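These notes concern the structure reproduced below.
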Amino acid sequence: MTISTLRRLRIAILEADYPQPLTASKYGSYGGVFVKLLAAGAKELDIPVGDLTITTWDVQREIYPCLEDVDAVLITGSRANAFDNTPWIVKLMEFTRKILEEQSRVRVIGVCFGHQIIGRALEANIVRNIDGWEASVTPVHLSSRGQELFDGKYVLNIHQMHRDVIVRVPEGTENLGSTHLCQVQGLYAQKRLISLQGHPEFTSDIAREILEIRKKNGIITHAMFTEMIRKVDDKHDGVIVACAFLNFLRE
């Protein structure tokens with residue numbers, strides 16, 4: 001039975017980080033943020049929310065689902081670096097590689113850090129961007145494949161929160177778009193994987209909390225904060241991305 005013939009979609013969210021306090025108080029975990037996003041996408045597509053079975057897994061504690069019990073995994077963002085060799089990061093990369101190389105049923109979705117983990121699993125280089133941070137709502141200029149997947153849009157407005165980038169499109173995948181700071185904004189392989197460097201799950205409140213904490217901790221300067229916060233309430237296309245993720249799982 002292929003995934004397209006399944007009525008229910010069993011999605012395992014691999015939580016690669018823990019949200020900041022205000023976000024945690026509202027959603028519990030990043031899994032909760034993605035549950036809300038996917039529910040919005042399901043509503044837009046007239047998919048009964050009950051047809052989505054979503055579980056969450058704390059991969060920093062190296063807790064993983066059994067692949068036989070899921071149809072897809074979604075790897076969240078993280079403040080960690082995807083190129084580090086911290087044991088839990090290496091295990092996540094190896095788990096992702098196993099899915100992509102050793103079977104063809106379970107599909108992979110990656111967001112930000114998750115996008116980079118997919119890239120690393122496919123032997124792409126992930127590096128610290130010498131041009132600095134990309135953050136807040138940002139226009140991504142879509143490739144022809146990106147336009148096809150994201151509702152025919154030429155530009156996808158999406159929250160960003162990163163300074164690491166994939167520098168080469170891995171063999172067997174297509175690039176979904178680019179910005180002036182990041183040339184590989186998403187990856188796609190039909191019925192195998194889809195990823196985005198941006199954060200479709202972010203709200204303005206989530207992004208604002210992260211930016212305020214990073215400014216307080218000296219990670220970003222006051223000038224950077226001012227520019228980033230100016231765009232934080234701009235309209236973004238998170239629900240369009242959620243629809244694309246669900247359509248990808250129903251291919």
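On a predicted model such as this, the values are computed, not experimentally measured, just so you know. For this chain, numbers begin at 1 and follow the sequence in order.
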Would you list the pairs meeting ring-ring contact (aromatic ring centres under 6.0 Å, His included) in which at least one residue belongs to [range], sequence neighbours left out?
range: residues 196-240; value: His159-His236, His199-Phe202
range: residues 32-72; value: Tyr64-Phe95
range: residues 131-151; value: none

**Report entry** Results of salt bridge (Lys or Arg N to Asp or Glu O under 4.0 Å) for Arg97 - residues two or more places apart only
**Finding:**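 Per chain and number, Arg97 pairs via salt bridge (Lys or Arg N to Asp or Glu O under 4.0 Å) with no residue.
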Pairs flagged by salt bridge (charged side-chain N to carboxylate O under 4.0 Å, His left out) wherever [range] is involved - sequence neighbours left out:
range: residues 29-49; value: none
range: residues 21-33; value: none
range: residues 215-228; value: Glu227-Arg230
range: residues 132-147; value: Arg145-Glu148, Arg145-Glu174

When clusters are formed from ILVMFWY side-chain contacts under 4.5 Å, directly or step by step, what else is grouped with [X]?
X: Val165; result: Val127, Val167
X: Val90; result: none
X: Val137; result: none

Please tabulate, for the side chains in residues 112-122, all donor-acceptor contacts under 3.5 angstrom to protein atoms that are two or more places apart in sequence or on a different chain.
from   : atom 1 : to     : atom 2 : distance (Å)
His115 : ND1    : Ser195 : OG     : 2.7
His115 : NE2    : Val184 : O      : 3.4
Gln116 : NE2    : Asp164 : O      : 3.0
Gln116 : NE2    : Gln197 : OE1    : 3.1
Arg120 : NH1    : Ala82  : O      : 2.8
Arg120 : NH1    : Asp84  : O      : 2.7
Arg120 : NH2    : Asn85  : OD1    : 2.6

